[in-house]
Amino acid sequence: AQSVTQLDSQVPVFEEAPVELRCNYSSSVSVYLFWYVQYPNQGLQLLLKYLSGSTLVESINGFEAEFNKSQTSFHLRKPSVHISDTAEYFCAVSDRSGGYNELIFGAGTRLAVHP
Amino acid sequence: KAGVTQTPRYLIKTRGQQVTLSCSPISGHRSVSWYQQTPGQGLQFLFEYFSETQRNKGNFPGRFSGRQFSNSRSEMNVSTLELGDSALYLCASSGGRMGAGELFFGEGSRLTVL
């Protein structure tokens, strides 16, 4: 069975500093990869996704993630964070061959941006 | 375009009762999935419905059930509630490629079981 490991449960960082949230997945089968963000008392919002093509994907608010097949990783980065980026971030994987909309989520990383 | 709507947002039940949660997907989306979110277990897949048929099911007991109507609205039901069923239940809809998993989530129904 697939699993997703988010290596850090909490990441504190100062405003305008760079940040990396790490994500590794276990499956060797072809997968789709996602990062979702959850603000307090809200549902999940898709931040970015890797379906195929370029291994570097970007979001509209400055986040980027790189798919590394050999290391089975999909780390999320931002060169300069803002207070408003404080939230919980979830990495997720979906099996390409399954044909279902089932996501396997990591445990989440709580990003706390301090002034 | 309206997002995914879940009702009720908050509810409190006692052990042994049952509960029904409702989800209205984004217009035109035919796939509706349900997830349970708890501090201990994180986000876990419950089931997915597509065109009124359950297409996939997670590893939950039979007390958890769902259905989808012809207008794609979905309900999930939990019978004989246990304390451990306290959670945020998230509904998500998708209109994209099957398996591509671009899910749009509602804000959730927070269930507290006393």
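Only a predicted model underlies this, so the values are computations on that prediction, with no experimental measurement involved. Quick note on labels: first sequence line is chain A, next is B, and so on, each numbered from 1.
At a 4.5 Å heavy-atom cutoff, Phe47(B) makes no contact with chain A through either its backbone or its side chain. Proximity to chain B (any heavy atom under 4.5 Å) is shown, for Gln45(A), by neither the backbone nor the side chain. Only the side chain of Gln37(B) has a heavy atom closer than 4.5 Å to any heavy atom of chain A.
Checking each of Thr109(A), Asp8(A), Thr5(A) against Arg22(A) for a side-chain hydrogen bond (donor to acceptor under 3.5 Å, both in side chains) leaves exactly one that passes, namely Asp8(A). Residue Met76(B) is tested with Leu21(B), Thr20(B), Val19(B) for a side-chain contact (heavy atoms from CB on, under 4.5 Å); the sole match is Leu21(B).
Comment: Arg63(B) engages Asp85(B) in a salt bridge, judged by a side-chain N to carboxylate O separation of less than 4.0 angstrom.
Taking the six-membered ring for Trp and thresholds of 30 and 60 degrees, Phe74(A) and Phe67(A) have ring planes more than 60 degrees apart, a perpendicular arrangement.
Interface check for chain A: of the options Asn56(B), Val4(B), Leu90(B), the most heavy-atom pairs under 4.5 Å are formed by Asn56(B).
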